[in-house]
Amino acid sequence: MRVAMIGAGYVGLVSGACFADFGHVVTCIDKDPGKIARLEQGEIPIFEPGLEQLVASNVREGRLSFATDANEAVRTADAVFIAVGTPSRRGDGYADLSYVYAAAEEVAGLVDGFTVVVTKSTVPVGTGDEIEAIFQRVRPGADVAVVSNPEFLREGAAIEDFKRPDRVVVGTLDERAQGLMRELYRPLFLNETPILFTARRTSELIKYAANAFLALKITFINEMADLCEALGADVQQVSRGIGLDKRIGGKFLHAGPGYGGSCFPKDTLALVRTAADAGSPARLVEATVEVNDARKLKMAGKIIAALGGEAAGKTVALLGLTFKPNTDDMRDAASLAIVPALQAGGAKVRAFDPEGMHEAGRLLSDVAFAANAYEAAEGADAVVIVTEWDQFRALDLDRLKTVLRRPVMVDLRNVYQPADLRAKGFDYSSIGRS
Ligand code: NAD
Ligand code: UGA
């Protein structure tokens, strides 16, 4: 099958490379010429484990190519995927659908013969109807089926998630489109991955409901962590104690500084807007957004408390800046709230992140970036683990203690055990553990 993937970002590039690996012929199209030029030279514009090899092998086999111009790939495609960004619209929290609609307009002008147009971007309920209307306006009579096929991959584990998903959701009642989508995902189908066919609006909502539920689950355990601190209990044991109940499940119960990333923050907000507009407010999601936003700032307070209640004149070393490990993505990372709050209190911030410093440099000001964890900690009054990169799980604590001005560690990801750190002479605080 021939696939045109519009948008070669995290989702478009990973999905395109994986579809090529399934044996389809895929062209990834992006309007960013710099991105396409790098891809054509074998360079991967994002950090995603395993992606470089996957792209290289499929390019070598002639199944994967890149273009800035959608023309030829769309004309010859059996399926055109729209995988462009749907960020929060500035100021009001609605999903900004301008990229999706612009892509749909362009595709509508180009399709030739029966084509399935698939929205992979996360889009509010009813967006598929709008795309259909665009096709009717731009190309009345075009033989297309507009399908929703939300993506559930996580950054940092994207290839594994795409190739071994818990399920594939396809929103269309059109039988020809269902057949084509089944064919596209055939290797997963053979693997007995559940493929759920629904109406388009239901599929669109499934994506938001999934992200909102996961965000809510994290926020719940974060609140329990605060309660643990207040009552002298241990949140890791609470997580385990509830997570072993199969109805609850142990995943996404890791307490931390508040969820971030390119999706949970914007998708929860967009769902709140959709629900309010539909006259059916999503109060739990509203509370999740509020509690999570407040939490990130609260983390700065926790760090200042560890500094003795005063940030002015102190130097803080942050380890990890990205919203989670194994990505260079800084979107809505907790560090983006924590750093300015520390600076506002008068602290100097030094930081090290294995992959995120380039992007962080554009988003944060007055941060001194270091070459490694120990350089960041040199002479600092406290070291803070913000993102749980593997290399921060195995720090040489004796060396760290030697370079710090004061042996203070704030561990926002519960990477270390309090007893171990105290035995090493650290003044150690973490999340939800007394
Ligand atoms: P991204 O910003 O990394 O990539 C989007 C790409 O689309 C950019 O490279 C941009 O240049 C390109 N683009 C925009 N308009 C275009 C057009 N008209 N023609 C060609 N290219 C165009 O975004 P992303 O993180 O890949 O997210 C894409 C969508 O997938 C969003 O709706 C997001 O919510 C959803 N999603 C993301 C993830 C994730 O982990 N990042 C997971 C699941 C779903
Ligand atoms: C998330 C979802 O997990 C994916 O299924 C979804 O496809 C994607 O959003 C999306 O729609 O874009 P992602 O944002 O890549 O994926 O990363 P997650 O692993 O879900 O982490 C999100 C945030 O929650 C991170 O800041 C992470 O540190 C935090 N988190 C996660 C916790 O604080 N505790 C946990 O137990 C899990």
Side-chain angles (χ1 to χ4, degrees), residues 4-16 28-36 39 45-46 48 66-70 73-74 80-88 95-107 119-124 127 149-158 161-162 165-167 207-208 210-215 217-222 225 239 243 249-268 270 292 295-296 320 322-335 386-388 412-414 431:
M5 184 68 64
I6 313 285
Y10 284 89
V11 165
L13 190 55
V14 170
S15 309
C28 287
I29 296 141
D30 204 288
K31 63 176 185 186
D32 177 346
K35 201 172 258 189
I36 294 299
L39 284 164
I46 53 172
E48 182 60 48
F66 307 100
T68 46
D69 179 16
V74 170
V80 179
F81 280 79
I82 298 179
V84 301
T86 50
S88 257
D96 178 352
L97 295 172
S98 56
Y99 303 102
V100 170
Y101 292 150
E105 292 247 358
E106 190 181 355
V107 172
T119 313
K120 217 176 218 335
S121 300
T122 302
V123 294
T127 304
N149 172 220
E151 182 48 59
F152 300 100
L153 64 78
R154 289 162 302 165
E155 289 177 21
D161 282 354
F162 192 94
D166 290 338
R167 79 307 204 184
K207 174 64 195 178
Y208 281 96
N211 272 3
F213 190 83
L214 292 171
K217 197 172 176 190
I218 296 166
T219 306
F220 176 81
I221 203 64
N222 284 342
S239 290
K251 293 188 176 153
F252 278 66
L253 283 180
H254 192 77
Y259 62 78
S262 64
C263 290
F264 285 170
K266 78 170 172 65
D267 291 345
T268 44
N292 192 64
R295 181 168 191 82
K296 291 179 183 169
T322 50
F323 79 96
K324 62 184 255 185
N326 295 324
T327 181
D328 55 355
D329 202 333
M330 284 292 299
R331 287 180 277 187
D332 271 305
S335 62
V386 183
T387 315
E388 69 278 32
L412 300 181
R413 300 288 185 167
N414 289 349
I431 300 286

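Every number for a ligand or one of its atoms is a count from 1 in the order of the listing.
The proximity of A83 to ligand 1, defined as any non-hydrogen pair under 4.0 Å, is limited to the backbone. The side chain of R413, and not its backbone, has at least one atom closer than 4.0 Å to an atom of ligand 2 (non-hydrogen atoms only; side chain from C-beta on). Contact annotation: for L153 versus ligand 1, heavy atoms closer than 4.0 Å belong to both the backbone and the side chain. For H254, heavy-atom contacts with ligand 2 shorter than 4.0 Å involve the backbone as well as the side chain.
Environment of OH in Y101: crowded, with over 12 heavy atoms of neighbouring residues, nucleotides or ligands closer than 6.0 Å. When the shell of 6.0 Å around CZ of F152 is examined, it contains more than 12 heavy atoms from other residues, nucleotides or ligands.
Using 4.0 Å as the threshold, K251 has no heavy atom nearer than that to any atom of ligand 2. Put simply, part of N211 is less than 4.0 Å from ligand 2, judged by heavy atoms. Assignment of G261 to the shell around ligand 2 is not supported, since no heavy atom sits closer than 4.0 Å. Distances from ligand 2 to the non-hydrogen atoms of K217 include no value under 4.0 Å.
Minimum heavy-atom separation, A225 to A255: CB-CB, 3.8 Å.
Annotation: E388 places no N or O atom under 3.5 Å from an N or O atom of ligand 2; distance criterion only. For ligand 1, the polar-atom distance check against Y99 finds no nitrogen or oxygen pair separated by under 3.5 Å. For ligand 1, the polar-atom distance check finds no N/O of E151 at less than 3.5 Å from any of the ligand's N/O atoms. Taking any N or O of R154, backbone or side chain, none lies under 3.5 Å from an N or O belonging to ligand 1. Close N/O approach between R154 and ligand 2 is not found [any backbone or side-chain N/O within under 3.5 Å]. Taking distance alone, with nitrogen or oxygen atoms compared against 3.5 Å, K120 stays at or beyond that limit from ligand 1. Remark: ligand 2 and C263 share no N or O pair separated by less than 3.5 Å (distance only, no angle test). Residue-to-ligand polar distances keep D267 apart from ligand 1: every N/O pair is separated by 3.5 Å or more. In terms of polar-atom proximity, defined here as any N/O pair under 3.5 Å, T122 makes no such contact with ligand 2. Looking at ligand 1, you won't find any N or O of K207 less than 3.5 Å from one of its N or O atoms. Every N/O-N/O distance between G256 and ligand 2 stays at or above 3.5 Å. Any N or O atom pair closer than 3.5 Å counts here, and K31 shares at least one such pair with ligand 1. In terms of polar-atom proximity, D32 is not counted as a contact of ligand 1, lacking any N or O under 3.5 Å from an N or O of the ligand. Taking distance alone, with nitrogen or oxygen atoms compared against 3.5 Å, I218 stays at or beyond that limit from ligand 2. Residue contacts with ligand 2: G258 is placed with no nitrogen or oxygen under 3.5 Å of a nitrogen or oxygen of the ligand (distance criterion only).
Heavy-atom proximity to K35, at under 4.0 Å, picks out these atoms of ligand 1: 8 (C), 9 (O). Every atom of ligand 2 with a heavy atom of G260 under 4.0 Å away is listed here by number and element: 22 (C), 23 (C), 25 (C), 26 (O). Each of the following atoms of ligand 2 lies closer than 4.0 Å to a heavy atom of E155: 15 (O). The ligand atoms of ligand 1 that sit less than 4.0 angstrom from a heavy atom of Y10 are 3 (O), 25 (O), 26 (O), 41 (N). Remark: ligand 1 atoms within the under-4.0 Å shell around heavy atoms of T86 are 31 (C), 32 (O), 34 (O). Atom numbering of ligand 1 starts at 1 in the shown order; those under 4.0 Å from a heavy atom of S262 are 39 (C), 41 (N). Interface atoms of ligand 1 facing S121, defined by a heavy-atom separation under 4.0 Å, are 29 (C), 30 (O), 32 (O). Ligand-side atoms of ligand 2 in range of E151: 7 (O), range being under 4.0 angstrom from any heavy atom.
The closest heavy-atom contact to atom 14 (C) of ligand 1, among the options V107, D329, V84, comes from V84. Across R331, K266, K207, heavy-atom proximity to atom 11 (O) of ligand 2 is greatest for K207.
T86 places a side-chain N or O within 3.5 Å of a backbone atom of T122 that can act as its donor or acceptor partner. Under a 3.5 Å cut-off, the side chain of S15 and the backbone N or O of G12 do not form any donor-acceptor pair. In this structure, the side chain of K207 does not engage the main chain of P124 through any donor-acceptor pair within 3.5 Å. Judged by distance alone, the side chain of K217 and the main-chain N or O of K251 form a donor-acceptor pair under 3.5 Å. Between the K296 side chain and the D332 main chain, a donor and an acceptor come within less than 3.5 Å of each other. For the pair H254 (side chain) and S239 (backbone), a donor-acceptor distance under 3.5 Å is absent. Remark: side-chain polar atoms of R295 are paired, donor with acceptor, to backbone N or O of G256 under 3.5 angstrom.
For atom 34 (O) of ligand 1, the closest non-hydrogen atom on the protein side is K266 NZ, 2.6 Å. Looking at atom 7 (O) of ligand 1, its nearest protein heavy atom turns out to be G7 CA, 3.5 Å. The shortest contact between atom 2 (O) of ligand 1 and any protein heavy atom is with R331 NH1, 3.7 Å. Nearest protein heavy-atom contact of atom 11 (O) of ligand 1 is D30 OD1, 2.6 Å. If you check which protein heavy atom lies closest to atom 26 (O) of ligand 1, you get V11 N, 2.9 Å. Summary of contacts: the protein heavy atom closest to atom 5 (C) of ligand 1 is G85 N, 3.7 Å. In terms of protein heavy atoms, atom 1 (P) of ligand 1 is closest to G9 CA, 4.0 Å. What sits closest to atom 35 (C) of ligand 1 on the protein, heavy atoms only, is T122 OG1, 3.5 Å.
For the atom pair CZ of F252 and CD1 of I218, the computed distance is 5.5 Å after rounding to the nearest 0.5 Å. Atom CD in E48 sits 9.0 Å away from atom CG in D328 (nearest 0.5 Å). L214 CG to T268 OG1: the interatomic distance, rounded to the nearest 0.5 Å, is 11.5 Å. Taking SG of C28 as the start and NZ of K35 as the end, the distance is 11.0 Å to the nearest 0.5 Å.
L13 places a side-chain heavy atom less than 4.5 Å from the side chain of P45. In this structure, the side chains of R154 and K324 come closer than 4.5 Å at one or more pairs of heavy atoms. Between D30 and F66 the shortest side-chain heavy-atom distance does not fall below 4.5 Å. Residues E151 and Y10 fail the side-chain proximity criterion, which asks for heavy atoms closer than 4.5 Å. At least one side-chain heavy atom of T219 sits under 4.5 Å from a side-chain heavy atom of Y259. Counting heavy atoms from C-beta outward, I82 and V123 have side chains that stay 4.5 Å or more apart. Between I431 and L412 the shortest side-chain heavy-atom distance falls below 4.5 Å.
With E155 as the partner, the side-chain hydrogen bond (donor to acceptor under 3.5 Å, both in side chains) test is satisfied by one option alone out of T322, N326, T327: T327.
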